[in-house]
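Report on one structure; see the data block that follows.
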Amino acid sequence: MKRILMLVTGGTIACEASNDGLVPRLSGADMLKGIPGVSSLCDVDALELMNLDSSNLQPEDWQSMARAVAEHYDDYDGFVITHGTDTMAYTSAALHLMLKNLGKPVIITGAQLPLSMPGSDGVFNLRDAFYVACDGEPGVFVVFHGSVIDGARAKKMYTENFAAYASVNAPLAMITARGIEWREHRTVPDKPLELATELETRVCILKLVPGTDPKLLDLVVAAGYKGIIIEGFGAGGVPNDSRGSFLPSIRRALEQGITIVCASQCIFDGVDLSRYPIGVLAARLGALSGGDKTIETLTVRLMQALKVCFTQEEIRTFMERPV
Ligand code: ASP
């Protein structure tokens with residue numbers, strides 16, 4: 001029988017009601033009590049790493065999760081991480097990027113309704129997570145409402161709908177009566193697992209609205225941020241018109257060695273800075289394109305790039321590499 005390690009991190013799935021609203025309190029053993037069929041599928045050990053609302057997670061918590069997987073890697077066939085849905089896409093992106101040469105499944109799941117409440121979607125999500133973990137497909141995946149989503153492609157789309165997660169710019173696998181219908185299979189890497197947990201956390205996202213004062217970018221630079229993702233419009237453009245051009249502020253930031261990445265407020269498809277002057281002029285100054293990565297994956301990737309690269313050219317190459 002497969003051996004699976006369940007890593008508990010908190011989130012709604014582990015919540016109980018309190019005077020202050022839902023608070024994550026359930027242990028791994030508490031959660032497993034309500035999940036039929038898991039004991040006939042695999043042997044499970046549970047490890048409580050933290051019990052937090054995922055909005056309270058910090059990058060150092062992604063590092064703890066990655067280290068926990070690495071530490072127990074040889075002892076288990078797969079890993080299930082129970083997690084809040086709010087920032088699950090950041091964690092799944094982080095683990096996808098941090099666990100290099102991953103040859104086993106690392107499945108992240110959660111719920112919109114606590115397991116402690118009747119009708120919780122967590123029952124199915126957690127059961128499915130173990131099912132996918134036992135399947136053996138290597139990689140980091142978000143399993144939610146019958147979907148299996150690449151960890152670097154996950155996006156929370158709904159705050160209440162049980163189908164909370166979507167796959168962005170990548171096919172997803174479905175869990176149906178026929179089993180797990182993978183659209184593509186991955187090969188198990190022949191190299192050992194490697195941890196890439198170093199992060200420069202002085203990275204932020206500046207979301208534009210029509211009329212945003214470009215001085216805001218200067219203020220972010222002055223606040224000490226080393227990498228700034230400008231979430232612009234459409235295909236990733238930023239205003240270049242005399243009434244509010246971002247180009248002078250972008251130029252000043254780049255001259256100070258700050259990395260500027262243009263991203264889109266659209267969820268699907270991605271950035272194309274070559275299409276209009278709003279993109280062409282920013283790219284000509286040296287702003288990078290976010291490509292088709294999700295904003296979560298882009299954020300973690302930039303945090304890594306700023307730690308492991310030494311020149312702007314290295315950062316560009318690192319950022320453009322498919323993840
Ligand atoms: N606030 C919760 C969390 O992210 C929401 C959830 O888990 O669905 O921890």
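In each ligand, atom 1 is the first atom listed, and ligand 1 is the first ligand listed. Heads up: numbering here begins at 1 and tracks the sequence. All values reported here derive from a predicted model rather than from experimental measurement.
Considering backbone and side-chain N/O atoms, Ser54 comes within less than 3.5 Å of an N/O atom of ligand 1. Between Asp53 and ligand 1, an N or O atom pair is found at a separation short of 3.5 Å. For ligand 1, none of its N or O atoms has an N or O atom of Ser55 under 3.5 Å away. Checked against a 3.5 angstrom limit, the closest N/O atoms of Thr12 and ligand 1 fall inside it. Between Ile13 and ligand 1, not a single N/O pair is under 3.5 Å apart.
When heavy-atom distances to ligand 1 are checked against a 4.0 Å cut-off, Pro24 has no atom that comes that close, whether in backbone or side chain.
A donor and an acceptor atom, one from each side chain of Ser54 and Asp86, are nowhere located under 3.5 Å apart. In this structure, a donor-acceptor pair under 3.5 Å is present between the side chains of Thr85 and Lys156. Checking Thr91 against His83 by side-chain atom types alone, a donor-acceptor pair falls below 3.5 Å. No side-chain donor from either of Ser64 and Asp61 sits under 3.5 Å from a side-chain acceptor of the other.
Listed by atom number, the atoms of ligand 1 under 4.0 Å from Asp86 heavy atoms are 1 (N), 2 (C), 3 (C), 4 (O), 5 (C). Applying the 4.0 Å criterion to heavy atoms of Gly11 picks out, from ligand 1, the atoms 7 (O), 9 (O). Short contacts between ligand 1 and Ala111, defined as distances under 4.0 Å to a heavy atom of the residue, involve ligand atoms 6 (C), 7 (O), 8 (O).
Between the side chain of Gln304 and the main chain of Ala196, a donor-acceptor pair closer than 3.5 Å is present.
Sorted by first and then second residue, the side-chain hydrogen bond (donor to acceptor under 3.5 Å, both in side chains) pairs involving residues 224-238 (not counting sequence neighbours) form an empty list.
The nearest heavy-atom contact from the protein to atom 8 (O) of ligand 1 is Thr85 OG1, 2.5 Å.
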Residues 267-275, side-chain donor-acceptor partners within the protein, below 3.5 Å, at least two apart:
from, atom 1, to, atom 2, distance (Å)
Asp272, OD1, Ser274, N, 2.9
Asp272, OD1, Ser274, OG, 2.6

